[in-house]
Amino acid sequence: MKKVRILSAEEAALLVQDGDTIATGGFVSCACPETLSTALEKRFLETGHPKDLTLFFAAGQGHRDGTGGDHYGHEGMVKRVIGGHWDRAPRLGELALNNKIEAYNLPQGVISHMYRDIAAHNIGTITHVGLKTFADPRNGGGKLNECTKEDLVKVVNIDGHERLLYKGFPINVVFLRASYCDEYGNCTVHREIGPLDVTAMAQACKNSGGRVIVQVEKIVQGGSLDPKLVAIPGIYVDSVVIGTEQDNMQCLNMPYDGALTGEFRIPVDAIPSIPLDAKKIIARRAAMELPPDAIVNLGTGAPEKIANVAAEEGISDKMTLTVEAGSIAGIPYGGTQFGAAANAMCIIPHNVQFDFYQGGGLDVAFLGLAETAPNGDLNVSKFGTRLAGAGGFIDITQNAKKVVYCGTFTAKGLKTACEDGKLVITQEGSKKKFVQQVEHITFSGDYANEVGQPVLYITERAVFELRPEGVTLIEIAPGIDLQTQILDQMDFKPHIAEEVAVMDARIFREEKMGLAD
């Protein structure tokens with residue numbers, strides 16, 4: 001093998017040409033190639049080049065502070081962005097919402113698989129994921145604004161089965177982050193939160209005739225790396241840049257934590273109990289939906305609290321938590337370390353985790369509840385002037401054996417209290433979540449009914465079930481008035497079960513519920 005080229009960040013930035021398609025690695029605030037992206041941004045701001053780029057990424061990247069994807073958020077620098085999750089890069093989102101760039105949002109797991117299909121020169125990625133959601137060309141095909149015209153998604157029929165074809169395209173440049181690199185370009189990711197998509201992304205770019213550029217912490221002697229740890233073989237790598245100490249942090253502004261890489265395990269005290277607020281009420285009711293030994297994915301917000309409730313009730317060992325970034329078991333982290341998990345039993349590539357998810361491997365997924373329509377459609381991806389993106393939501397919710405949406409009944413200002421096993425609404429939220437029509441179909445109730453997927457919508461005051469006739473009220477909290485505190489706070493009248501149960505009073509008391517029994 002020949003020795004790899006070692007470049008400065010400025011030299012690497014000169015390799016990106018006007019009109020190139022560039023793919024960037026990273027997962028939210030973890031493993032972002034900050035030194036490379038910063039240098040490219042600096043070059044554009046000083047010279048106006050490279051311009052008219054196509055930016056391609058799966059997981060959201062950055063911390064809403066100019067990092068990650070926002071290095072590319074300058075008018076003229078990009079002409080098109082194809083991303084899985086947009087929320088971490090508000091400058092890019094603003095360009096999209098103002099029709100300044102062509103913009104697409106595709107399912108995160110699908111994009112992770114597109115890298116592999118591009119590498120293999122397949123016609124595209126063929127999957128059921130996205131059917132009847134906003135990614136379906138009959139609902140927009142992932143286009144986010146009026147100036148986005150080209151169809152990247154097509155409906156195909158294979159042996160009588162309807163599928164979506166996500167079209168592939170060449171990748172000219174890829175920016176990746178790795179840990180160590182030897183003299184021949186072999187790169188490990190042993191100090192990152194996981195391998196993510198680095199292998200597939202490097203293959204896709206290399207087989208497109210593009211340039212694979214990797215940011216690393218240090219370069220070591222050739223042949224000194226454990227070959228089992230090498231995630232990016234040197235035969236894929238065109239050049240290497242040694243990143244700054246700040247830019248090589250495991251997660252943005254966070255020191256290296258070996259508990260997130262499997263280097264060591266940390267002692268874990270009992271997860272502290274949380275106050276009896278609306279989120280805990282929701283998490284308690286949701287925890288009652290856990291089957292024994294469940295393989296689970298928890299979303300952010302109210303679903304996160306299920307881990308606290310499980311610990312408090314002594315049933316943490318009855319479920320295995322997984323994170324789409326690749327960890328299995330352990331304790332998922334949040335904030336700038338979202339995507340990582342301490343004490344994981346296994347950390348697999350991002351695209352491989354989505355193989356498992358898309359094939360129905362999750363027993364139950366607990367995700368956040370936002371805009372909900374009468375037929376069960378849910379929107380978590382686009383709200384007027386806020387562009388969040390779907391991330392892995394579509395991949396996860398369309399394929400889990402059971403989906404439980406968890407969230408407050410109303411938003412903006414809701415306050416609650418519990419008295420004698422009853423729920424009291426002390427201040428109603430000003431924004432209704434149950435609406436006539438969602439702005440973006442991130443989850444399709446029609447598709448769920450078509451495939452017979454069980455779906456629940458759990459709030460602090462009521463539980464709804466998706467039935468063939470639509471969203472159906474099945475439980476009401478003790479102390480809650482059906483008309484004034486449920487029906488009047490919805491933009492549509494739900495179906496009401498013949499027998500509406502009263503939510504378990506234990507949910508609304510300070511003491512443990514006794515779920516372990």
Side-chain angles (χ1 to χ4, degrees), residues 271 273-274 276-324 329 332 357 360-370 372 376 378 380 392-393 396-409 423 433-434 443 445 448-449 451-467 470-478 480 494-495 497 499-509 512-517:
I271 299 175
S273 59
I274 53 178
L276 187 55
D277 58 9
K279 287 186 177 179
K280 184 171 183 177
I281 291 168
I282 294 163
R284 279 181 156 184
R285 176 60 186 84
M288 298 170 75
E289 298 300 319
L290 282 167
D293 303 316
I295 302 169
V296 176
N297 178 277
L298 297 180
T300 57
E304 291 180 85
K305 308 302 180 185
I306 296 170
N308 298 82
V309 169
E312 182 178 283
E313 296 288 336
I315 59 171
S316 293
D317 60 341
K318 302 300 182 186
M319 65 177 179
T320 300
L321 297 178
T322 68
V323 180
E324 51 264 43
Y357 286 179
L362 288 171
D363 292 310
V364 58
F366 297 92
L367 282 301
L369 186 152
T372 306
L378 205 85
V380 299
F393 194 93
I396 293 167
T397 59
Q398 263 194 335
N399 297 293
K401 294 182 179 72
K402 182 174 186 176
V403 182
V404 180
Y405 292 112
C406 306
T408 56
F409 192 81
L423 179 66
K433 289 187 177 181
F434 291 86
F443 173 80
N449 270 324
V451 299
Q453 181 185 44
V455 182
L456 289 180
Y457 307 81
I458 295 177
T459 76
E460 79 287 348
R461 69 187 76 175
V463 179
F464 300 87
E465 182 179 54
L466 180 61
R467 295 182 177 178
V471 171
T472 304
L473 177 68
I474 61 170
E475 293 179 30
I476 185 171
I480 291 298
H495 297 275
E499 294 186 13
V500 177
V502 177
M503 292 171 70
D504 195 321
R506 293 176 299 169
I507 297 172
F508 306 93
R509 298 186 184 279
K512 293 180 184 179
M513 296 176 63
L515 293 182
D517 300 327

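In what follows, residues are counted from 1 in the order of the sequence shown. Small disclaimer: the values here were computed from a predicted structure and weren't measured.
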| field | Nearest-0.5 Å distance that lies between atom CG in N308 and atom OG in S316 | value | 9.0 Å
| said: Just to verify, what does D277 make a salt bridge (charged side-chain N to carboxylate O under 4.0 Å, His left out) with, not counting sequence neighbours? | reply: none
| note | Nearest heavy-atom contact between L473 and V500 is O-CG2, 3.9 Å
| said: Using a 3.5 Å distance criterion without hydrogens, assess whether the side chain of E313 forms a donor-acceptor pair with backbone atoms of A310. | reply: no
| said: Return the CZ to CZ distance between R284 and R506, rounded to the nearest 0.5 Å. | reply: 9.5 Å
| task | Name all residues meeting the side chain to side chain contact (heavy atoms under 4.5 Å, CB included) criterion together with A516; count only those two or more places apart in sequence or in a different chain, and write none if there are none. | result | I315
| task | Identify, with sequence neighbours excluded, every residue that meets salt bridge (charged side-chain N to carboxylate O under 4.0 Å, His left out) alongside R509. | result | none
| request: Can you measure from CD1 (I306) to CE (M319) and round to the nearest 0.5 angstrom? | output: 7.5 Å
| said: Is there a side-chain contact between P494 and F434 in this structure, where contact means two heavy atoms from C-beta onward sitting under 4.5 Å apart? | reply: no
| task | List in chain and number order the residues that pass side chain to side chain contact (heavy atoms under 4.5 Å, CB included) with V451, two or more places apart in sequence or in another chain; answer none if no residue qualifies. | result | Y447, Q453
| task | Any chance you could lay out the side-chain contact (heavy atoms from CB on, under 4.5 Å) test for D517 and K512, step after step, and finish with the verdict? | result | CA-CA 11 Å; D517 300 327; K512 293 180 184 179; over 6 Å; no
| query | Roughly how far, to the nearest 0.5 Å, is the CZ atom of F464 from the CD1 atom of I476? | reply | 8.5 Å
| message | Going by side chain to side chain contact (heavy atoms under 4.5 Å, CB included), name the residues that satisfy it together with K401, two or more places apart in sequence or in a different chain. | response | D363
| side chain to side chain contact (heavy atoms under 4.5 Å, CB included) against P332, all qualifying residues, sequence neighbours excluded | L321, V323
| Any side-chain heavy atom of V455 sitting closer than 4.5 Å to one from Y457? | yes
| Can you tell me if K433 uses its side chain to pair, donor with acceptor, with the backbone of L369 under 3.5 Å? | yes
| request: Determine the minimum heavy-atom distance between A365 and A400, stating which atoms define it. | output: CB-CB, 3.8 Å
| What are the two closest non-hydrogen atoms of F508 and A477, and how far apart are they? | CZ-CB, 3.5 Å
| request: Just jot down the salt bridge (charged side-chain N to carboxylate O under 4.0 Å, His left out) partners of K280, sequence neighbours excluded, or say none. | output: E312
| field | Heavy-atom side-chain contact between Y405 and V403 under 4.5 Å | value | yes
| To the nearest 0.5 Å, how far apart are CG in L466 and CG in L378? | 10.5 Å
Please tabulate, for the side chains in residues 286-296, all donor-acceptor contacts under 3.5 angstrom to protein atoms that are two or more places apart in sequence or on a different chain.
unit_1	atom_1	unit_2	atom_2	d
E289	OE1	K402	NZ	2.5
E289	OE2	R285	NH1	2.7
E289	OE2	R285	NH2	3.2

| said: If I compare all heavy atoms of M503 with all of P478, which pair ends up nearest, and what's the gap? | reply: O-CD, 3.6 Å
| field | Any L423 side-chain heavy atom under 4.5 Å of E460 side chain | value | yes
| Nearest heavy-atom neighbours spanning T408 and A278 | CG2-CB, 4.1 Å
| request: With sequence neighbours left out, write down each residue that passes side chain to side chain donor-acceptor pair (under 3.5 Å) with N449, or none if nothing qualifies. | output: none
| note | Residue set satisfying side chain to side chain donor-acceptor pair (under 3.5 Å) with T472, at least two apart, ordered chain then number -> none
| message | If I take atom OH from residue Y357 and atom CG from residue N399, how far apart are they, to the nearest 0.5 angstrom? | response | 11.5 Å
| message | So L367 and F443, do their side chains get closer than 4.5 Å, heavy atoms only? | response | no
| remark: Residues at least two apart in sequence or cross-chain that pass side chain to side chain donor-acceptor pair (under 3.5 Å) with K318, listed by chain then number, are none
| request: Could you pull out all residues at least two apart from E324 that satisfy side chain to side chain donor-acceptor pair (under 3.5 Å)? | output: N297
